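Beneath this line is the structure, given in C-alpha cells, with notes to follow.
Keep in mind the model is a prediction, meaning the values are calculated, not measured.
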Amino acid sequence: MRTHDSATAPDAIAVTGPGARTAGASGPSTPAPGSRAAASQAPGSGSRAAVAGSRTAAPRVPDSGPDSGPDSRATVSRAPAPDSRRRGTLLAGLGVVAFSLTFPSTVWGLESFGPWSLVAVRSALAALLAGVFLLAGRVPLPERRHWAGLAVVAGGVVIGFPLLTSLALQTSTTSHAAVVVGLLPLTTAAFAALRTGRRPSRTFWIAAVSGAVVVLGFTLAESGGALSTGDLYLFGALLVCAAGYTEGGRLAGLMPGWQVIGWALVLCLPLMVAASAVALSLEPVRLNAHGVIGLVWVAAGSTFFGLYVWYRGMAAIGIPKASQLQLAQPLLTLVWSVTLLGETLSPAAPVAAVAVLVCIAVTQRSKS
C-alpha cells in the first residue's frame, strides 16, 4: 500500500502544479507499473485527462505577471476613471446650481400660488417625474424595513423644508433666508453624529458652534433684536431638512441615492395630490409668467433634477468632494437674489455668508 500511495502522489501534483503544464507540453511521463496512473492509460483516457488538466490549469495562466491575479484586477476596477470623476463633478455642480435657484424660484412661484398650493403641486409634479424614471428603470420596490426611513426623508426634504421655507419667504428676503439656511450642512452633520453615534473632533464642534453663532447674530441684527415668524420657519426648516438628509444618507448606503429621493417622492404622491386639490380650492391662483416658471423650476429643477444629479454626482466623486462644491450654494443664492429679484443686499449678508462658509470648510477638513 505504501508503494501504491507514493506512486499516486506525483500524479496529483503533476495535474495541479505549474509543472503539469510543462510536462504536458513535452509529453506524458511514464507511470510506475501497477499505479493508478498506469491504469488510467486506457484508450481515450489520455484526451479526457488532457482536457481536465487544461480546465484546471487555465485559470492560473494570469499568475505569470507580478501585478496579475484577482486582487489586482479588483483594485483596478474599483479605481474611478478620470472621465468618471469629471462627470461626477459636473453632475454635483449642476445640483448645487439647481439648489441655489430654489429660493428665487419659490418667490416667483408665490406670485401665482399660495404657499400650501405651491408646495403641494411642486411635490406632486416631482413625484410624477420620479415615478416615470423608476418605472422606466424597472426599479424594484424597496424592502419593507426601508419605508420608515423613506418616510423621514419625505417628511423632511419633500414636504417639511419646502413648506417652511415657502412660509418664511412670504416675509423674509431670499438673501436673508440664504444666510440662515447656509447653516444646513452643519445642522446635518450634528444630526448625523447623533444618528450614527460617531463623535466628531473638538475642532468640528467649535466650527459648528461658531457658524451657529454667526447665523443667530445675523438673524437678530436683521430682525431688530428679536426672531421674526419667518426666522422661526427657517430654523424649523433647518431641523426637518437635516433629519431628512441624515436619514437619506443612511439609506444611500443601502440603495442608490437617486432611488432614495425617488421613492420618497412617490411615497408622498397620494397625499400631495389630495393636498393640491384642497389647497388650490382654498388659496387664490393668479397665473403669470413668473409664477409658472417658478413652479416648474421648484418641481422639476430643484426637487427632482437637482436631487437626481446631486446624488449621482456624489456617488461618483464621494461625499467629501461633493460637500466642498455645496459651499458655493449660499453665495450663488445671493447672486440670484440680486440679478433675478432685484433685491438690495444688506452689508451684513455677504459677510455672514462668507463667515458661515469658512466654518463649514473647517468642519469638512476636521477629523470625524
Side-chain angles (χ1 to χ4, degrees), residues 80 83-106 122-123 125-127 129-134 137 139 149-150 152-162 165 178 181-189 191-192 237-238 240-268 296-333 335-336 357 360-361 363-364:
D83 291 341
S84 176
R85 289 195 297 269
R86 285 192 293 268
R87 184 171 179 269
T89 302
L90 175 61
L91 290 174
L94 288 175
V96 171
V97 174
F99 297 153
S100 70
L101 283 164
T102 299
F103 285 172
S105 300
T106 300
R122 73 180 272 187
S123 300
L125 293 177
L129 287 173
V132 170
F133 270 69
L134 292 171
V139 179
L150 290 171
V152 175
V153 177
V157 179
V158 180
I159 299 176
F161 184 80
T165 53
V181 178
L183 200 60
L184 181 59
L186 300 181
T187 311
T188 304
F191 267 79
L238 281 176
V240 297
C241 190
Y245 276 177
T246 300
E247 195 63 21
R250 184 187 69 83
L251 291 173
L254 305 174
M255 66 179 74
W258 72 271
Q259 293 182 18
V260 173
I261 189 60
W263 286 118
L265 285 166
V266 171
L267 183 63
C268 295
V296 171
W297 182 259
V298 293
S302 301
T303 307
F304 178 72
F305 173 78
L307 289 170
Y308 177 81
V309 296
W310 171 253
Y311 279 118
R312 291 290 297 268
M314 187 169 57
I317 65 176
I319 295 175
K321 290 186 178 180
S323 299
Q324 295 295 323
L325 294 176
Q326 200 174 22
L327 299 180
Q329 184 175 325
L331 292 178
L332 284 174
T333 301
V335 173
W336 303 135
L357 295 186
I360 295 174
T363 64
Q364 294 292 324

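Between Leu134 and Val266 there is a side-chain heavy-atom pair separated by less than 4.5 Å. Side-chain contact check for Trp258 versus Val139: some heavy-atom pair is nearer than 4.5 Å.
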List the steps, then state whether side-chain contact (heavy atoms from CB on, under 4.5 Å) holds for Val157 with Leu307. CA-CA 10 Å; Val157 179; Leu307 289 170; 4.1 Å; yes
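The CZ atom of Phe99 sits 10.5 Å away from atom CG of Leu94, with the distance rounded to the nearest 0.5 Å. Separating the CG atom in Leu129 from the CZ atom in Phe304 is a distance of 5.5 Å, to the nearest 0.5 Å. Atom-to-atom distance recorded for Leu238:CG and Thr187:OG1 is 4.5 Å, nearest 0.5 angstrom. Remark: Trp297 CH2 to Thr102 OG1 distance equals 8.5 Å, nearest 0.5 Å.
Nearest approach of Pro104 to Thr333, heavy atoms of both residues: CD-CG2, 4.4 Å. Annotation for Ala264 and Ala154: closest pair O-CB, 3.6 Å, computed over non-hydrogen atoms. Ala98 approaches Gly301 most closely through the heavy-atom pair CB-O, 3.8 Å. Residues Pro162 and Val158 come closest through the heavy atom pair CG-O, 3.3 Å. When all heavy atoms of Leu184 and Tyr245 are compared, the closest pair comes out as CD2-CE1, 3.5 Å. In terms of heavy-atom proximity, Ile159 sits nearest to Cys268 at CD1-SG, 3.8 Å.
Formation of a donor-acceptor pair under 3.5 Å by the Ser105 side chain with backbone atoms of Val298 is not found in this model. Ser100 places no side-chain N or O within donor-acceptor distance of the main-chain N or O of Gln329, the cut-off being under 3.5 Å.
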For residues 249-257, dump all side-chain donor-acceptor pairs below 3.5 Å to protein atoms at least two apart in sequence or in another chain.
from   : atom 1 : to     : atom 2 : distance (Å)
Arg250 : NE     : Glu247 : OE2    : 2.8
Arg250 : NH2    : Glu247 : OE2    : 2.7

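By the 30° and 60° cut-offs, the orientation of the rings of Phe161 relative to Phe103 is parallel.
Applying the side-chain contact (heavy atoms from CB on, under 4.5 Å) criterion to Pro330, with sequence neighbours excluded, gives Leu357.
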